[in-house]
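Notes follow once the structure below has been shown.
Atoms within a ligand are numbered from 1 in the order they appear, just like the ligands themselves.
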Amino acid sequence: MSPAARVAGLGTTIFTEMSALAVRTGAINLGQGFPDTDGPASVIEAAVAALRSGENQYAPLPGVPALREAVSEHQRDWYGLEPEDVLITFGATEGIAAALLGLCDPGDEVVVLEPYYDSYAACISFAGAVRRPVTLRPPGFEVTVDALEGAVTSRARVLLLNSPHNPTGRVLGRAELEMIAAACVEHDLICVTDEVYEHLVYDGEHIPIATLPGMAARTLTISSVGKSFSFTGWKIGWCSGPADLVAATRMVKQYLTFAGGTPLQHAAAAALRLPRSDIVALADDLRAKRDQLCSGLRAAGLQPLVPGGTYFVNADVGVDAVDFCRGLPERCGVVAIPTGVFYDDKEAASSLVRFAFCKRPEVIAEAAERLASLRT
Ligand SMILES: Cc1ncc(COP(=O)(O)O)c(C=O)c1O
């Protein structure tokens, strides 16, 4: 029997294919973005304490009060935002899905930066909406007025933003964000912004688009404990913003998963309340890893496009990136992802490859040594 039309084109993700290849060949997996070390020990202890103190049943639908309060405090202390409401989700991924399903009718258009995190296209499709990509091109991956204006039509309903941006590693600057905000205001768009890498910024600063004039009332901000705090397996995320946008998202979330991860929600509250210096230290650690992998890529004769944030670096391999990545595990024992899979426009980055640097220094060193064999 064939699947429903809205899922027929989705297939197996490149991550599944490449991670299986990594296991089969024993290669170092720099494909999928997850750290190979735990996040802060005090946050793990908070999870253990919650598990041991009876926090093991359904959470309330909006999330446990301690975490909802911690999200509000975090938005206020870091960015001066005062969200009207907060909803805890099963990772940012569920927040994105529930927001798109709750805010888009069939035929509505969603303007989205491409390359994009792969769940965006799937969720836009589940909502019966249509994606309108704004193409970011190497080497700079800037948002241009022409690309933005070309993507926004009268049917646009949501602009789905992501900064710091996966897979390019770009941290959007103020001028670009102002241009995007102006388009949202002019066309009366809802902005759904995915800020899961908000604390992984090495150059420049993360500016939440909700802080720009006119944007707080039309922006749903999504983040999670996965990337910024190195707990990707916990899948605790949150949405914050105006009451109507959070309510639309909550309506859907209610019937997707209702509520879960109660003890981990308590621990995520502890993560958000870590001293500022601890959160900055997580980024400092990753900056050193970024620099280590970029040096290794240069030594291997590849040209890294040094990212300002996230834990991904792209490099131009000078040949077809899909072929290059399929052969890389056998050739030198490393797995990476062809950046083109994140684009609708397959020609936009056909020789770019994405490497994750959220690995222990000795693993990056070993990967760099293996990649150096590409020169011979
Ligand atoms: C841009 C972006 N958003 C969301 C996620 C997933 O977030 P979570 O694990 O909190 O669902 C990822 C994971 O790779 C991502 O890159």
Side-chain angles (χ1 to χ4, degrees), residues 13-16 18-19 29-36 38-39 43 63 67 71 74 86-101 110 112-124 131 133-134 136 141 158-172 191-201 206 208-209 220-240 249 252-253 256-257 260-261 264-265 267-268 271-272 286 307-314 336-337 339 341-343 354-359:
T13 74
I14 188 81
F15 302 104
T16 312
M18 290 299 172
S19 293
N29 190 352
L30 302 186
Q32 211 172 356
F34 60 88
D36 59 358
D38 286 337
V43 178
L67 179 54
V71 170
H74 174 273
V86 173
L87 171 70
I88 309 307
T89 54
F90 197 76
T93 307
E94 187 193 37
I96 294 159
L100 291 170
L101 289 166
V110 178
V112 54
L113 305 185
E114 75 160 340
Y116 46 76
Y117 172 51
D118 57 355
S119 89
Y120 296 176
C123 293
I124 292 168
R131 68 178 179 275
V134 175
L136 309 182
F141 301 113
V158 167
L159 189 145
L160 176 52
L161 187 65
N162 170 220
S163 179
H165 182 260
N166 174 20
T168 66
R170 277 240 37 233
V171 181
L172 267 59
C191 183
V192 175
T193 176
D194 174 349
E195 303 187 355
V196 295
Y197 297 97
E198 63 187 307
H199 291 300
L200 307 187
V201 175
H206 168 58
I209 196 164
L220 183 76
T221 302
I222 299 178
S223 192
S224 76
V225 79
K227 307 291 183 172
S228 284
F229 297 94
S230 290
F231 290 110
T232 59
W234 286 11
K235 281 285 180 180
I236 300 295
W238 45 86
C239 307
S240 62
T249 308
V252 176
K253 191 251 186 303
L256 287 178
T257 55
L264 302 180
Q265 290 196 28
L272 285 173
L286 276 159
T310 77
Y311 38 51
F312 302 110
V313 53
N314 287 271
I337 300 283
T339 312
V341 301
F342 303 99
Y343 280 90
R354 191 195 76 171
F355 297 85
F357 55 80
C358 46
K359 306 295 172 187

Minimum heavy-atom distance between Phe357 and Thr310, given as atom pair plus value: CZ-O, 3.5 Å
Cys123 and Leu101, any side-chain heavy atoms less than 4.5 Å apart: no
Sub-4.0 Å heavy-atom contact, Tyr116 with ligand 1: no
Option with minimal heavy-atom separation from atom 14 (O) of ligand 1, where the choices are Gln32, Glu195, Lys227: Lys227
Option with minimal heavy-atom separation from atom 16 (O) of ligand 1, where the choices are Asn166, Ile96, Thr232: Asn166
Per-atom contacts, ligand 1 versus Ala92 - under 4.0 Å to a heavy atom: 7 (O), 8 (P), 10 (O), 11 (O)
Quiz item: cation-pi between Lys359 and Phe34, 6.0 Å / 45°: yes
Side-chain touch Trp234/Val43, heavy atoms, less than 4.5 angstrom: yes
Ligand 1 contact on Thr93 by region, counting heavy-atom pairs under 4.0 Å: both
Validation row: Tyr120, Leu100 side chains within 4.5 angstrom (heavy atoms): no
For Lys235, the ligand 1 atoms whose distance to one of its heavy atoms is below 4.0 Å: 8 (P), 9 (O), 11 (O)
Pair Thr193-Ser163, side chain to side chain contact (heavy atoms under 4.5 Å, CB included): steps then yes or no: CA-CA 8 Å; Thr193 176; Ser163 179; 6.0 Å; no
Minimum side-chain heavy-atom gap Phe90-Leu256 below 4.5 Å: no
Under 4.0 Å to a heavy atom of Tyr197 - the qualifying atoms of ligand 1, by number: 1 (C), 14 (O), 15 (C), 16 (O)
Enumerated ligand 1 atoms positioned under 4.0 Å from heavy atoms of Gly91: 10 (O), 11 (O)
Distance-minimising heavy-atom pair for Trp238 and Thr89: N-OG1, 3.6 Å
Check: Tyr120 N/O within less than 3.5 Å of ligand 1 N/O: no
Within-cut-off N or O pair, Tyr117 and ligand 1, under 3.5 Å: no
Protein heavy atom at shortest distance from atom 2 (C) of ligand 1: Asp194 OD2, 3.3 Å
Atoms of ligand 1, numbered as shown, that sit under 4.0 Å from any heavy atom of Asn162: 1 (C)
